[in-house]
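Heads up: the structure comes next, in structure tokens.
On a predicted model such as this, the values are computed, not experimentally measured, just so you know.
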Amino acid sequence: MIIVGADGSVNSRAALEWAADDAFRMRVALRIVHARDRSPYQIRKYPIDALPDALRREGQRILREAEDLVRERQPTVEVTTEDVEGPPAEVLREQAKDATEVVVGSRGLGGFAGALLGSVSMHVAGHVNCPVVVVRGERRPVWQEVVVGVDDSPECEPALAYAFEQAKLRGSALRVVHAWQLPVHAFAPEIAYDMDEIRTAQHQVVRDRVEIFSGDHPEVKVVEDVQSAHPVEALTDASERADLLVVGSHGRGALGSMLLGSVSRGVLHHAHCPVAVVRAR
């Protein structure tokens, strides 16, 4: 089952459309969740007696419109809705326990505000076992390409497995990006480095990772993209012509600290397409 957060915003609509299409491709059910968060209004000096009923009515309206949108876009997808009271991060964490995937808009209103760069998306991605997809609101052309970042650690393998499956379901090519940088001491003149040897080793990193999954996905065309560049720059550039960018939540080397470190934050700030964060279990 796919869980998607709904709050009535433009980015929430984009997330609903993305989730509906992915549920259709994956042949799974879709649950639309609205988090009814009263905490911003709970000020004792200014009580609002009718607030609970007003929030409930608004939540029901948002869910009706969201369900109508999904049924119009993908009529064969099984859809359910839930209006849950509580902080959005906690609501999504609880809902994610039986989920295949969680989808949120990049920015929203009310319960899901700030989902892209704020605490909600990072909190959910860091604490649930399924992939978390963050979707921007702008319309983009279809590029028929999925991009995934890999490094030299086994922790990137869940992200690579997810990316292969997404490419297969979409009939898309898979671009495997490995960005590497020389350590600072490499620029000391007294230390000799064989650049050809380094490049060969970096290409082997990608081949070793791809071989693990390519045998089970022979229909997926793989493009190996090995660059001497900053990971944020390499992944952001690749996302310009991608339908989905996949990153792991933990790792080492060039793509280390994907969840809470500078790379993940940079990617979420600057990526041009939806970003899927896949946690290494």
Side-chain angles (χ1 to χ4, degrees), residues 125-126 131-134 143-170 172-187 191 193-281:
V132 177
V133 183
V134 182
W143 296 102
Q144 290 292 296
E145 183 168 278
V146 173
V147 173
V148 60
V150 302
D151 60 16
D152 56 357
S153 71
E155 284 79 8
C156 72
E157 291 177 9
L160 192 55
Y162 175 83
F164 260 102
E165 187 63 22
Q166 281 286 331
K168 173 185 174 182
L169 292 171
R170 296 163 179 268
S172 300
L174 177 61
R175 179 175 295 273
V176 182
V177 176
H178 175 61
W180 59 277
Q181 293 179 292
L182 286 173
V184 174
H185 64 262
F187 298 96
I191 302 176
Y193 278 84
D194 187 328
M195 294 304 298
D196 289 338
E197 183 177 326
I198 292 173
R199 292 190 185 95
T200 299
Q202 300 303 328
H203 278 277
Q204 193 61 46
V205 167
V206 175
R207 294 192 188 99
D208 290 344
R209 292 285 167 255
V210 168
E211 285 178 2
I212 297 173
F213 302 99
S214 57
D216 294 330
H217 301 84
E219 66 277 63
V220 175
K221 176 185 176 183
V222 176
V223 179
E224 297 180 5
D225 190 346
V226 180
Q227 305 179 34
S228 176
H230 192 281
V232 172
E233 179 184 355
L235 292 171
T236 300
D237 288 348
S239 74
E240 288 191 35
R241 294 178 176 270
D243 301 315
L244 177 66
L245 170 60
V246 183
V247 293
S249 61
H250 294 83
R252 297 191 298 271
L255 295 178
S257 303
M258 287 303 299
L259 176 59
L260 298 176
S262 60
V263 172
S264 61
R265 291 178 184 274
V267 168
L268 287 173
H269 269 291
H270 300 296
H272 302 280
C273 67
V275 178
V277 180
V278 183
R279 184 182 181 190
R281 301 182 185 181

Would the distance check show the side chain of [X] and the main-chain N or O of [Y] forming a donor-acceptor pair, the cut-off being under 3.5 Å?
X	Y	answer
His217	Glu219	no
Asp225	Val176	no
Thr236	Ala271	no

Are Glu145 and Arg241 ion-paired here, with the side-chain N under 4.0 Å from a carboxylate O?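 No, Glu145 and Arg241 are not salt-bridged.
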[X] versus [Y], closest heavy-atom pair with distance:
X	Y	answer
His272	Ser239	N-OG, 3.0 Å
Gly215	Pro218	O-CD, 3.6 Å
Glu157	Ile212	OE2-CD1, 3.3 Å
Pro231	Ala179	CA-CB, 3.7 Å
Val220	Ser172	CG1-O, 4.1 Å
Ala163	Val148	CB-CB, 3.6 Å

Less than 4.5 Å apart, side chain to side chain, heavy atoms only: is that true for [X] and [Y]?
X	Y	value
Val147	Leu244	no
Cys273	Trp143	no
Gln227	His178	no
Val267	His270	no
Gln166	Val246	no
Pro158	Arg279	no
Glu165	Phe213	no
Val146	Arg175	no

When you look at Asp243 and Arg170, which way does the side chain to side chain contact (heavy atoms under 4.5 Å, CB included) test go after all the steps? CA-CA 10 Å; Asp243 301 315; Arg170 296 163 179 268; 3.9 Å; yes
One pair to check against side chain to side chain contact (heavy atoms under 4.5 Å, CB included): Val247 and Leu235. What are the steps and the verdict? CA-CA 9 Å; Val247 293; Leu235 292 171; 4.2 Å; yes
Trace of the side chain to side chain contact (heavy atoms under 4.5 Å, CB included) decision for Phe164 with Asp216: CA-CA 9 Å; Phe164 260 102; Asp216 294 330; over 6 Å; no
